[in-house]
Amino acid sequence: MNDTSKSVTPTNFIRQIIESEIAHGCHTDGIVTRFPPEPNGHLHIGHAKSMCLNFGLAEDFAGRCFLRFDDTNPDKESPEYVESIKTDVRWLGFNWEDRLTHASNYFPQLYDWAVELIENGKAFICSLSAEEIRASRGTLTEPGSESPFRIRPVAESLELFEKMRAGDFPDGSHVLRAKIDMAAPNIHMRDPTIYRIRHSTHHNTGNRWCIYPMYGFTHPLSDAIEGVTHSLCTLEFEDQRPFYDWVLDNVTISKRPRQIEFSRMSLDYSIMSKRLLTLLVDENRVSGWDDPRLPTLSGLRRRGYTPRAIRNFCTRIGVTKNEQQIEASVLENCVREDLDKNAPRAFAVMDPLKIVIENYPQGQVEQLEAHNHPNDPNMGSRQISFCREIYIDRQDFMEEAPKKFFRLAPGREVRLRYAYFITCTSVIHDSEGHISELRCSYDPESRGGQSPDGRKVKGTLHWVSVQHALDAEVRQYDRLFQDANPLADRSKDFLELINPDSKAVITSSKVEPGLINAGAGKSFQFERVGYFCVDPESTPSHLVFNRTVELRDSWGKKNRP
RNA sequence: UGGGGUGUAGCCAAGUGGUAAGGCACCGGAUUUUGAUUCCGGCAUUCCCAGGUUCGAAUCCUGGCACCCCAGCCA
C-alpha cells in the first residue's frame, strides 16, 4: 500500500547524516533528540521548526525525543513559561511521553563533573571580577591573557568551589572556569566560565543552589545524561561546538552526543527575537503574548492557524544552513490549504449595505439549503433564512461600475448565493450623499440560484437576512510590520515600523445565526471574504471573530493601485 | 593580520561528476452558484565571480568576492 495523500518529509542534510550513520551500523537502539527551550518566554514559529525537526526525526527513525527545560538561569525563568511551553508543544501535536526533563534536575551530577574537572586540573576557581575577565579575554584578533588564578592549586580551587556552593561568597566574587587556552583563535575556548554564583530562587530547585552552571557546560552533559545522539541547535552555536566536545572529552560519561547546527528562520514582516517579542508585549504594542499578530504559537493559535498548517509549513521550508528569510505567503498558503479543506463555509457581511427586494412578499421567510462545503458533501448542509430585506457587503456594490465589475450595480443582475437572482432597481442616498440602501427586484424562478431559462449572471454574492442576522465584531489582522525585515536598518527603531493598520476592528458586521453556537477557536470560511475563527473572548451575546487570512483574490489584487 | 559558517530563480529548496526536482510568488488559460478551490501550461542554456582538471563540472582543484555569527558571570 502506498498512501499518496500522506506527504513525505523531504530529506535534509541532518537526515542524511543519520541515515549514513545507521547504514554504518550506528544507533541500533534508535536515535535520541531533544527540544530544549529555556522557560524564559513563549514559543514561536521558529521553535516550531525545531520541534518538527527533533520530534519528527525521533518519529521517523524509531527514536525518542525529550522535552528538556534548559533552566540554568534562575533570574530569567519562571513556571508560567514552563506551562505555556508544555501547552504549545502539545498543541502542535508532539508527545514527550515520560521524557519531560529539566537541566536543573541534573545540578548534583553537574556539580560532581565540575569537581572532576577541577581535580584533573581542567578547571579552576577564578576570582577576577567580571570586568577583569572581559578585559583579559582579548579581542577577536588578539589573544587573551591568562588569569592569575589559573595556577591556583587544585586543592584550593576544590575548597573554594565547595564554599561557593555553600553560599559563603556573594554573587560575582568567584567563578569556575575551564582551563583551556587563552590564545585560542576561537573565543569560546579562552577559559570559558562554567559556574557562577547567583543567590536567587530557582523556579524548579528553589533555594537549594546558589551556584549555577552555564549553558556551555550544562548542555553537552544534559545531552549525555539523556543519551541524546543528535543535539540539534541553531547556527550561532557552531562556534561553541569545540567547547561542547571539550566538555564531553574531559568528564567521565558513557554516551557521546553529537551537535549539529542548522539555520534559524525569519519570517517577512515579523520578528522572532524573544527579547523583542517581550518588548512588544511589555510596552503594550500588542494585546499580549497571544496577540494574533505575533508569530508566537499562542498568537498563531488565536489567529486561527492550525497545528497541521504550521507543521506543514515547517516541512516546506526545509532544514539547511542557509539563512532563511521566508515570505509570508508561504505560511499563508499553508493555512489556506488546510482551512479550505476543513473549515465549514458560512455567510458573514463585513460592512453591511441593506437591500429591500421590492417584489418579494412582505413578511415571507423561506428556508434555503446551503452547502457547508462546496467540494465535500460529507460536511453536509444547513438551512438559511431568506426574506425581503437582506444585507450584502458594501464593496459588492458600485454605483458607477466598470465593465469588469462582476457584482451589483444599478440595472445589473447578480446571484445571491443559494438564493435568487436579483437586479438593482434604485439606489437610495442619505442627506450627505452616501449610499444608504438599495432597492432590487428578484426573479422568483431563480430559486436556489439558477434560472430555468439558462440565463447566466457573472457575479455571485454572499448575504444575510436583516431580521435573522446576528451582530458580530470582526478583528481584521494584517502584518505587524510595514517592512519585510523590520530589523534590517539598525538605525531605525523597529517599534516605529509597526503597521498602524495591523489590527482593524469592525463592530458592525452581520453573520448568519448558526454561528452563535460556534465554540472558541472554531474556524470558518466566510464565503468570498476569508478564513475566520472564534476568538476566546467571544460570547453568544457578543460574537467576536478573528480574521486568520483573506481568500486569495485575483480580482482585488489586479485592481489595487 | 582572528575564528566559524553560507552562496542554486523574487523567496525557500533538491541536486553528492552524466547534462538544473519540487513548493511559494508571478504570468497565461480551462472549469466554477465563492473573482475561492481544482485543473492545465509558462517561469534558471545555468548554479556568487574568475581560472583550472575532465569526453563531461552546480558538484573536483586554485584564487577571489559577498553576506551572516562570535569578545555574557545569557541561552
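Reminder, nothing fancy here: chain letters follow the sequence lines and each chain counts from 1. Reckoned from all heavy atoms, side chains included, excluding hydrogens, waters and symmetry mates. These numbers come from a predicted model, not from an experiment.
Atom-to-atom, CZ of A:F243 to C1' of B:rC74 comes out at 14 Å; the value is rounded to the nearest Å. Atom-to-atom, CG of A:N333 to C1' of B:rC24 comes out at 6 Å; the value is rounded to the nearest Å. A:K49 places its NZ atom 11 Å from the P atom of B:rC12, with the value rounded to the nearest Å. For A:M265 and B:rC68, the CE to C1' distance is 17 Å, given to the nearest whole Å. Rounded to an integer number of Å, the gap from CD of A:E142 to C1' of B:rC70 is 16 Å. In this entry the distance linking CZ of A:R264 with P of B:rU6 reads 17 Å, nearest Å.
Listed nucleotides B:rG23, B:rA36, B:rA75 differ in distance to A:D70; the shortest reach to its side chain belongs to B:rA75. Counting only heavy atoms from C-beta on, A:N12 has its side chain closest to B:rA14 among B:rA14, B:rA75, B:rC70. Relative to the side chain of A:T193, the nucleotides B:rC73, B:rU37, B:rG10 differ in distance, and B:rC73 lies closest. For A:E238, whose side chain is taken as the heavy atoms from C-beta onward, the closest listed nucleotide among B:rC73, B:rA36, B:rG4 is B:rG4. Side-chain atoms of A:Q325 lie closest to B:rC11 of the nucleotides B:rC11, B:rU34, B:rA75. Distance from the side chain of A:L140 is smallest to B:rC70 among B:rU16, B:rG10, B:rC70. Listed candidates were B:rG5, B:rA13, B:rG72. Nearest to the side chain of A:L235 is B:rG5. In this structure, of B:rU6, B:rC12, B:rA25, it is B:rU6 that holds the atom nearest to the side chain of A:K321. Checking B:rA75, B:rA36, B:rU6 against the side-chain heavy atoms of A:L551 singles out B:rA36 as nearest.
Base engagement by A:R198 is indicated by at least one non-hydrogen atom pair under 4.0 Å involving a base atom. Among the heavy atoms of the strands, none lies under 4.0 Å from A:I211. Within the 4.0 angstrom heavy-atom criterion, base atoms lie near A:R415. Within 4.0 Å of A:N322, counting heavy atoms only, lie sugar-phosphate atoms of the nucleic acid but no base atom. A:Y195 comes within 4.0 angstrom of nothing in the nucleic acid, heavy atoms only. Note on A:R417: a base of the nucleic acid sits closer than 4.0 angstrom, heavy atoms only. A:R345 comes within contact range of at least one nucleobase, with a heavy-atom separation under 4.0 Å.
With a 3.5 Å ceiling on both atom-pair distances, B:rU1 lacks any Watson-Crick or G-U wobble partner. Taking a pair to require two hydrogen-bonding distances under 3.5 Å in either a Watson-Crick or a G-U wobble arrangement, B:rA21 remains unpaired. Across all strands shown, B:rU6 forms a Watson-Crick or G-U wobble pair, both distances under 3.5 Å, with B:rA66.
Only the C1' atoms considered, B:rC70 is 34 Å distant from B:rG23, to the nearest whole Å. Remark: the separation of the C1' atoms in B:rC11 and B:rC26 is 12 Å, to the nearest Å. Atom name P, nucleotides B:rU59 and B:rA20: the rounded distance is 14 Å, in whole Å. Spacing of C1' atoms, B:rU46 relative to B:rG28, comes out at 25 Å, to the nearest Å. Comparing the P positions of B:rG52 and B:rA58 gives an interatomic distance of 15 Å, to the nearest angstrom. B:rA25 and B:rG51 have their C1' atoms separated by 37 Å, with the value rounded to a whole Å. Annotation: B:rC49 and B:rG3 have their P atoms spaced 26 Å apart (nearest Å). Nucleotides B:rG5 and B:rA44 place their C1' atoms 26 Å apart, quoted to the nearest Å.
Atom NE2 of A:H44 and atom CG of A:D88 lie 11.5 Å apart (nearest 0.5 Å). Here OG1 of A:T139 is found 4.0 Å from CD of A:E142. Values are rounded to the nearest 0.5 Å. Interatomic distance, CE of A:M265 versus NZ of A:K49, reported as 6.0 Å (0.5 Å rounding). Here the NZ-CZ distance, from A:K458 to A:R412, works out to 11.5 Å after rounding to the nearest 0.5 Å. In this structure, the separation between CE on A:M350 and OH on A:Y391 is 14.0 Å, given to the nearest 0.5 Å.
Shortest non-hydrogen contact noted between A:E261 and A:F13 is O-CZ, 3.2 Å.
Residue-to-nucleotide contacts include no donor-acceptor pair under 3.5 Å from the side chain of A:E261 to the base of B:rG5.
Taking syn as a glycosidic angle within 90° of 0, B:rG56 does not qualify and is anti.
Using cut-offs of 30° and 60° for the angle between ring planes, the A:H462 and A:F347 rings count as tilted.
Side chain to side chain, A:Q325 and A:D268 meet the donor-acceptor criterion of an N or O pair below 3.5 Å.
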